[in-house]
Amino acid sequence: MPRTEYTYDQIKPLIVSEEVEGRKMFAEFALPGSDQVFEASASIRRSRDMGSMVKQQVSRSVVREVRRTVGSLLRGLLGGGMLGRTARQVVNTTTNQQARNLANAPSRSEKEAAVVEAFGRVASNFHFDAASGGWRSPSLAGAAGAAPSAKAVEKSAFEQQLDANPVNDKFARSVLARMLAHIAYADGSIADEEKEFFTNAIPAEYGDLASLANADPISAVESEEIARGARESIYAMAWVISAIDMDVDPAEVALLTEYGNKFAIPAARQKELETTAKTYVLEGYLSVDISREDLFALAAKVDLSQEDAERAKIRWIKRQ
């Protein structure tokens, strides 16, 4: 069943907040008088008269947006809680100001379109009564013979991996924190932006980045004490962190291969998890109207095949 199309004016009574970060819109929705808030996000697409959204050299602002999303996921994996709207604002206090100064700042109509797209991802939590022109809970609308609500957005393969194999215990999380610090310093140095990312993403209880990086290498014995599924999630997350800026360093690849072997993950499974992680990162740089040429150029930056890249885009669009 096709998804119901809504207009910005139609959903306006449900909008609690709108927040623009670069070319990303974060919005919160709630029924009037309700304290149950639903948060969703969407990319802000350029109007057709402004040309393709991507002739995309990977800009610093786009990298910041992807880092912010991954940082939220990583903090949740390490037990620090998923970052909400307030926490996102402190990840990088200068981002909003920088975004406002960009020459390609989104127009009002582009932002409204992004809010509508974001709403589509949580629309199943609301029902529009065409007769009264008002909104209500789907549970209240059922008796009136309302149409089925929109299907929930499917998660990516990487997110499904984390859901199915969570990193629940403190020891496994401490190993993940050390692994990420070792990856951060794999090439012998770390940029200020990278340091800020890790400082915000890794809870202080695991130690500061420098102490984690100087800790003993992760041993095979330590690896054996982690559940197999959690090992795979840790390994996949490490690949996401390595690929986050679309530039995988050879020293990081060598270190990740070493970790994969210590984790006793078969070579074929290592490759599968690597592709899943790189695909997840690639999705952060996609737009619906990205050209195949630009898509393949992005994929090449993280050594993803053209076939994997094209499938990634198709599956990403289907999930939208």
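All heavy atoms count here, side chains included; hydrogens, waters and symmetry mates do not.
Using a 4.5 Å heavy-atom cutoff, the side chains of Tyr235 and Met179 are not in contact. Residues Gln306 and Leu295 have side chains not in contact (no heavy-atom distance under 4.5 Å, counting atoms from C-beta outward). The shortest distance between side-chain heavy atoms of Leu14 and Pro32 falls below 4.5 Å. By the 4.5 Å heavy-atom criterion applied to side chains, Asp303 and Lys278 are counted as neighbours. When side chains are defined from C-beta on, Leu73 counts as touching Tyr280, because their heavy atoms get closer than 4.5 Å. The shortest side-chain heavy-atom distance between Val16 and Phe38 does not fall under the 4.5 Å cut-off. You'll find the side chain of Trp239 reaches within 4.5 Å of the side chain of Val248, heavy atoms only. You'll find the side chain of Ile290 reaches within 4.5 Å of the side chain of Leu298, heavy atoms only.
A distance of 4.5 Å separates CG of Leu78 from CG of Leu176, quoted to the nearest 0.5 Å. Here the CG atom belonging to Leu273 is positioned 11.5 Å from the CZ atom belonging to Phe263, to the nearest 0.5 angstrom. With rounding to the nearest 0.5 Å, the separation of OG in Ser223 from CD1 in Ile265 is 9.0 Å. The CG atom of Asn165 lies 11.5 Å from the CD atom of Gln160; values are rounded to the nearest 0.5 Å. With rounding to the nearest 0.5 angstrom, the CD1 atom of Ile44 is 11.5 Å from the CD atom of Glu112. Considering CD of Glu274 and CD of Gln270, their distance stands at 8.5 Å, rounded to 0.5 Å.
The nearest pair of heavy atoms linking Leu256 to Ala238 is CD2-CB, 3.4 Å. Minimum heavy-atom separation, Ala213 to Ala181: N-CB, 3.6 Å. Between Pro106 and Val20, the closest heavy-atom pair is CG-CG1, 4.2 Å. In terms of heavy-atom proximity, Ser242 sits nearest to Glu252 at OG-OE1, 2.6 Å. Nearest heavy-atom pair across Gln161 and Gly229 is NE2-O, 3.6 Å. Taking both residues in full, the closest heavy atoms of Val167 and Ala172 are given as CG1-CB, 3.6 Å, listed atom of the first, atom of the second, then distance.
Met25 and Val37 sit in two unconnected hydrophobic clusters of ILVMFWY residues. Membership requires side-chain heavy atoms under 4.5 Å apart, directly or through other members. Cluster annotation: Ile314 and Val281 are assigned to distinct hydrophobic clusters (Ile/Leu/Val/Met/Phe/Trp/Tyr, side-chain heavy-atom contacts under 4.5 Å, transitive). Under the 4.5 Å side-chain heavy-atom criterion for Ile, Leu, Val, Met, Phe, Trp and Tyr, Ile234 and Val221 are members of distinct hydrophobic clusters.
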Evaluate the side chain to side chain contact (heavy atoms under 4.5 Å, CB included) criterion for residues Ser156 and Thr279: first the C-alpha distance (whole Å), next the side-chain angles of each, then the deciding distance (0.1 Å), finally the verdict.
-> CA-CA 9 Å; Ser156 68; Thr279 298; over 6 Å; no

Steps toward side-chain hydrogen bond (donor to acceptor under 3.5 Å, both in side chains) verdict (Asp208, Ser211) = CA-CA 6 Å; Asp208 60 65; Ser211 64; 3.3 Å; yes

Run the numbers on Val66 and Ile244 for side chain to side chain contact (heavy atoms under 4.5 Å, CB included), then give the verdict.
-> CA-CA 7 Å; Val66 175; Ile244 196 170; 4.1 Å; yes

Does the side chain to side chain contact (heavy atoms under 4.5 Å, CB included) test come out yes or no for Arg136 and Asp129, once each step is laid out?
-> CA-CA 7 Å; Arg136 64 177 72 171; Asp129 187 337; 2.5 Å; yes

Would you sort out whether Ile15 and Val115 count as a side chain to side chain contact (heavy atoms under 4.5 Å, CB included), showing the intermediate values?
-> CA-CA 9 Å; Ile15 299 173; Val115 172; 3.8 Å; yes

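Between Glu19 and Lys24 there is no salt bridge, since no side-chain nitrogen of the basic residue lies less than 4.0 Å from a carboxylate oxygen of the acidic one. Salt-bridge check for Asp247 with Lys301: failed, with every basic side-chain N at 4.0 Å or more from each acidic carboxylate O. Ionic pairing of Glu232 and Arg228 is not present here: no N-O contact between side-chain nitrogen and carboxylate oxygen is shorter than 4.0 angstrom. Salt-bridge check for Arg315 with Glu283: failed, with every basic side-chain N at 4.0 Å or more from each acidic carboxylate O.
Phe29 has its ring centre no less than 6.0 Å from the ring centre of Trp135. Aromatic rings from Phe119 and Phe126 are positioned such that their centres are separated by under 6.0 Å.
For Glu310, the salt bridge (Lys or Arg N to Asp or Glu O under 4.0 Å) criterion is met by Arg292, not counting sequence neighbours. Residues forming a side chain to side chain donor-acceptor pair (under 3.5 Å) with Asp163 (at least two apart in sequence, or on another chain): Lys155. With sequence neighbours left out, the salt bridge (Lys or Arg N to Asp or Glu O under 4.0 Å) criterion links Glu258 to Lys262.
Side chains of Thr199 and Glu196: a donor-acceptor N/O pair is absent below 3.5 angstrom, by distance only. Side-chain N/O atoms of Gln36 and Asn125 include no donor and acceptor closer than 3.5 Å. Residues Ser287 and Asp289 have side chains that bring a donor and an acceptor to within less than 3.5 angstrom of each other. Asp308 and Ser305 form a side-chain donor-acceptor contact under 3.5 Å, judged by distance and modelled atom types alone.
Checking side-chain atoms of Thr257 against main-chain N and O of Val253 turns up a donor-acceptor pair under 3.5 Å. Listed for the Glu225 side chain is no donor-acceptor partner under 3.5 Å among the backbone atoms of Glu222. Side-chain N or O atoms of Arg67 include none that pairs as donor or acceptor with a backbone N or O of Phe197 at under 3.5 Å. Formation of a donor-acceptor pair under 3.5 Å by the Glu117 side chain with backbone atoms of Ala42 is not found in this model. No donor-acceptor pair under 3.5 Å is formed between the side chain of Ser34 and the backbone N or O of Ala30.
Geometric assessment of Lys170 against the ring of Tyr206 yields a positive cation-pi assignment under the 6.0 Å and 45° thresholds. Remark: Arg231 fails to qualify as a cation-pi partner of Tyr259 under the 6.0 Å distance and 45° angle criteria applied to the six-membered ring.
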